[in-house]
There are 2 protein chains.
Amino acid sequence: MKFLHTADWHLGKIVNYVHMTDDQRYMLERFIDIVKEKEPDCIIIAGDLYDRSIPPKEAVELLNDTLTTLVNDLQIPVLAISGNHDSPDRLQFGSEMFRRQGLFLDSKLKKDREPVTLYDDHGPVHFHLIPYLEPAEAAKVFDDDSIKSHNQAAEKIINDIEHRFDSEERHVWIGHSFLAGGMESESEERLSMIGGSPYVDASLFTNFAYTALGHLHQPQRVTREYIRYSGSLLKYSFSEASHNKSVTLVHMDEDGTCEIEKIPLHPLRDFKVIEGYFEDLLSGEAVSNQEDYLHVRLLDDGQLLDPMGKLRQVYPNILHLERKRSMSNPEMDDLEHVKKRQTLSHSELFASFYEDIKGDPLPEKRKDMIEQAVHALKKKEREQ
Amino acid sequence: MKFLHTADWHLGKIVNYVHMTDDQRYMLERFIDIVKEKEPDCIIIAGDLYDRSIPPKEAVELLNDTLTTLVNDLQIPVLAISGNHDSPDRLQFGSEMFRRQGLFLDSKLKKDREPVTLYDDHGPVHFHLIPYLEPAEAAKVFDDDSIKSHNQAAEKIINDIEHRFDSEERHVWIGHSFLAGGMESESEERLSMIGGSPYVDASLFTNFAYTALGHLHQPQRVTREYIRYSGSLLKYSFSEASHNKSVTLVHMDEDGTCEIEKIPLHPLRDFKVIEGYFEDLLSGEAVSNQEDYLHVRLLDDGQLLDPMGKLRQVYPNILHLERKRSMSNPEMDDLEHVKKRQTLSHSELFASFYEDIKGDPLPEKRKDMIEQAVHALKKKEREQ
């Protein structure tokens with residue numbers, strides 16, 4: 001059995017006011033080229049197909065085009081789940097009809113769900129599609145109030161699988177969660193901390209032949225070779241500038257042993273951080289592709305006249321311009337400040353605002369209240 | 001050939017702050033009962049499946065449930081088009097995959113489109129699915145700038161059909177437009193008047209064995225027995241209180257002659273206008289179902305203490321309360337005024353606002369500007 005594992009497409013993503021749709025369309029066309037070349041038996045998309053619950057229509061069109069090509073034209077089964085960015089209700093539209101066409105799109109966990117079972121010469125492989133869900137939702141599905149954390153939810157689902165299915169056969173977990181020990185990027189939305197930690201323990205998955213994860217944007221294994229994040233389709237922040245994005249081709253043999261091949265994804269425009277003096281950068285030689293999305297760090301000390309305007313004539317897609325910190329230039333403090341803020345979660349951002357206004361740090365009790373309010377708002381958005 | 005014709009479901013509709021979803025779900029369950037009883041060869045939904053381009057998730061769920069039942073469980077082909085309320089881009093998601101399941105959902109007119117052809121013992125019947133489109137969109141599809149009105153667009157499409165297909169065979173037009181001579185209700189959104197009239201001439205359709213229309217909410221024939229609006233799923237305003245909503249069952253014979261059967265739709269809660277004295281109405285006998293949506297006209301002259309609160313204890317779903325116009329009660333003027341305003345189009349509403357503020361009527365030239373601005377905004381909303 002040979003399958004391609006991808007995740008975190010985030011269609012409809014906007015980075016610094018720039019719509020990523022063209023980049024995403026380009027990348028998905030390359031993805032389809034990879035599919036044609038490698039001819040996998042199925043394709044896994046481990047959540048966050050869209051970047052938000054009501055995506056722009058261009059994103060809807062792009063997902064439609066891509067899935068239609070894979071499922072209708074290339075006739076390759078697609079196994080996809082919703083992530084924390086997707087709207088389970090909206091993504092469910094048509095899913096029953098799609099199943100008969102070979103598109104298995106699960107956005108709501110049901111209690112007695114069945115895996116999608118595909119066969120190779122050695123017998124069945126059971127793919128368990130586990131959409132992202134809050135611990136409270138898992139508690140409801142299993143009618144078990146003791147489920148309070150993401151880890152407990154995963155544990156419950158895994159027990160259920162191990163109890164109901166033949167563990168001698170090959171099983172694949174498709175999930176969207178944050179495994180303890182995984183490396184974060186800035187562009188992932190933090191998962192809910194209500195009721196404890198957002199983490200799931202990787203050791204839970206040791207009985208699965210392969211664990212196909214979404215959520216973390218950097219391609220990586222966690223503790224074992226066969227417990228993997230494919231990483232996102234594209235870089236979605238400068239914290240990912242050093243990533244090498246890829247999709248993961250998994251060759252699974254008779255006894256479930258997996259051989260992993262990372263197939264690189266080369267984007268239309270890369271995310272890069274460049275550093276230099278203004279006059280030097282104007283030569284245009286700082287990057288091989290001047291269309292790249294750039295975070296520019298200027299080393300110049302003195303005043304510069306409209307550096308952004310001038311640099312954009314050479315590098316049209318500069319998203320950030322940062323000046324070297326200089327005490328003689330108070331503006332720089334602001335820039336650093338803004339940059340720092342962009343890395344904060346909603347709750348941290350509020351805590352920082354509170355401290356700015358009140359002069360005292362946010363008390364622990366209030367921190368909890370804010371955390372709950374942020375959680376409630378995100379939940380509401382997700383349910384839209 | 002036997003088919004059911006329905007239209008204007010407007011899922012997600014809100015009438016006076018009340019979500020109609022429960023009523024729509026009830027009615028669609030009855031609709032499915034009708035389908036099971038009558039066993040049509042196919043089902044036509046002639047546009048306005050949703051009430052707006054981004055419908056609430058409950059509406060998405062309801063449409064999904066209904067179509068899944070019809071297509072997957074009952075295995076009856078569904079032929080649906082988008083209306084002026086639907087978002088063509090969003091409704092198109094999955095449509096290629098759905099076709100193979102027997103759901104033909106067309107939201108974008110293409111130039112060399114093919115009809116959906118179904119067969120009975122006498123041969124083929126060609127169903128032409130013509131989604132709602134603005135004249136400018138039709139001009140683009142056919143690369144013909146002379147198309148300026150809805151009528152010209154329909155003419156062009158019909159010429160194309162008559163030119164490309166065997167006119168000896170049976171053809172059905174499925175469209176969403178305003179036929180001249182049709183009876184309007186208040187709940188229909190006016191179509192664009194840019195570039196002339198919103199009307200299409202019914203005589204264009206005389207070569208079609210049956211013309212299945214959506215847009216007007218009252219079930220009706222226009223000029224011929226076989227040119228019909230099925231009417232909406234439910235009453236969506238009090239101007240429709242006297243309508244008898246139905247779906248249309250069409251029995252088409254060998255030579256295309258159609259026998260029409262109107263199957264009544266009995267809603268969970270009816271829309272009714274009732275009139276009487278406050279004390280009399282409190283008995284609860286004014287309607288057979290106290291849960292009905294009511295527009296209450298009170299005939300009392302004098303002051304009443306919280307009539308709405310008291311009446312709602314008996315009739316919980318009063319949407320309007322109107323007091324008999326009385327010069328001794330200046331509030332009544334406001335009520336009449338509000339009621340009148342609710343019947344106005346966006347442009348008329350602006351003209352009335354302009355006159356209120358300026359004291360002079362809105363000049364013709366500015367009327368055109370407003371008409372264009374309203375059109376642009378509606379177009380933008382539609383394109384979302």
Side-chain angles (χ1 to χ4, degrees), chain A residues 9 11-12 19 21 25 32 43 49-50 52-80 82 86-108 110 379-384, chain B residues 9 11-12 19 21 25 32 43 49-50 52-80 82 86-108 110 379-384:
Chain A
W9 289 3
L11 303 186
H19 279 262
T21 317
R25 184 172 283 280
I32 286 167
I43 292 160
L49 284 74
Y50 290 127
R52 53 181 191 272
S53 51
I54 302 180
K57 68 186 173 78
E58 291 78 10
V60 176
E61 204 181 343
L62 177 53
L63 184 62
N64 182 42
D65 290 349
T66 306
L67 293 176
T68 303
T69 301
L70 296 173
V71 170
N72 264 23
D73 303 346
L74 303 179
Q75 305 259 339
I76 298 176
V78 172
L79 285 54
S82 53
D86 300 303
S87 161
D89 295 279
R90 293 181 187 275
L91 210 54
Q92 212 190 12
F93 185 84
S95 58
E96 273 306 306
M97 286 177 274
F98 292 143
R99 290 180 84 83
R100 302 189 181 196
Q101 291 299 117
L103 169 58
F104 302 87
L105 183 51
D106 266 11
S107 60
K108 292 188 175 187
K110 285 169 221 85
K379 189 159 174 272
K380 204 171 156 189
E381 199 217 24
R382 192 174 126 75
E383 286 168 357
Q384 269 184 353
Chain B
W9 288 4
L11 303 185
H19 278 263
T21 317
R25 184 171 283 280
I32 286 167
I43 293 160
L49 284 74
Y50 290 127
R52 54 182 188 273
S53 51
I54 301 180
K57 67 187 174 81
E58 292 77 10
V60 176
E61 202 180 345
L62 177 54
L63 184 63
N64 182 43
D65 290 350
T66 306
L67 293 176
T68 303
T69 302
L70 296 173
V71 171
N72 263 22
D73 304 346
L74 303 178
Q75 307 257 339
I76 297 176
V78 171
L79 285 53
S82 52
D86 299 303
S87 160
D89 296 279
R90 292 182 188 276
L91 210 55
Q92 210 189 14
F93 184 84
S95 57
E96 273 305 305
M97 286 177 273
F98 292 143
R99 289 180 85 84
R100 303 189 179 196
Q101 289 302 115
L103 169 59
F104 302 85
L105 184 52
D106 267 11
S107 59
K108 291 188 175 187
K110 284 169 222 85
K379 188 158 174 273
K380 204 171 156 189
E381 199 215 25
R382 191 173 127 74
E383 285 168 359
Q384 270 185 350

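In what follows, chains are A, B, ... by sequence order, proteins preceding strands, each numbered from 1. The shown structure was predicted, so the numbers you read here are calculated from the model rather than taken from an experiment.
Both the backbone and the side chain of B:Val60 have a heavy atom closer than 4.5 Å to some heavy atom of chain A. Using a 4.5 Å cut-off between heavy atoms, B:Glu61 touches chain A through its side chain atoms alone. Residue contact with chain B, scored on non-hydrogen atoms closer than 4.5 Å, involves the side chain of A:Leu103 exclusively.
Screening B:Asn64, B:Leu91, B:Thr68 for a side chain to side chain contact (heavy atoms under 4.5 Å, CB included) with A:Phe93, the sole residue that qualifies is B:Asn64.
Note that CD of B:Gln101 is 10.0 Å distant from CD of A:Glu96, once rounded to the nearest 0.5 Å. For the atom pair A:Arg100 CZ and B:Asn72 CG, the distance stands at 3.5 Å (nearest 0.5 Å).
By the 6.0 Å contact criterion, NZ on A:Lys110 is enclosed, its count of non-hydrogen atoms from other residues, nucleotides or ligands being greater than 12.
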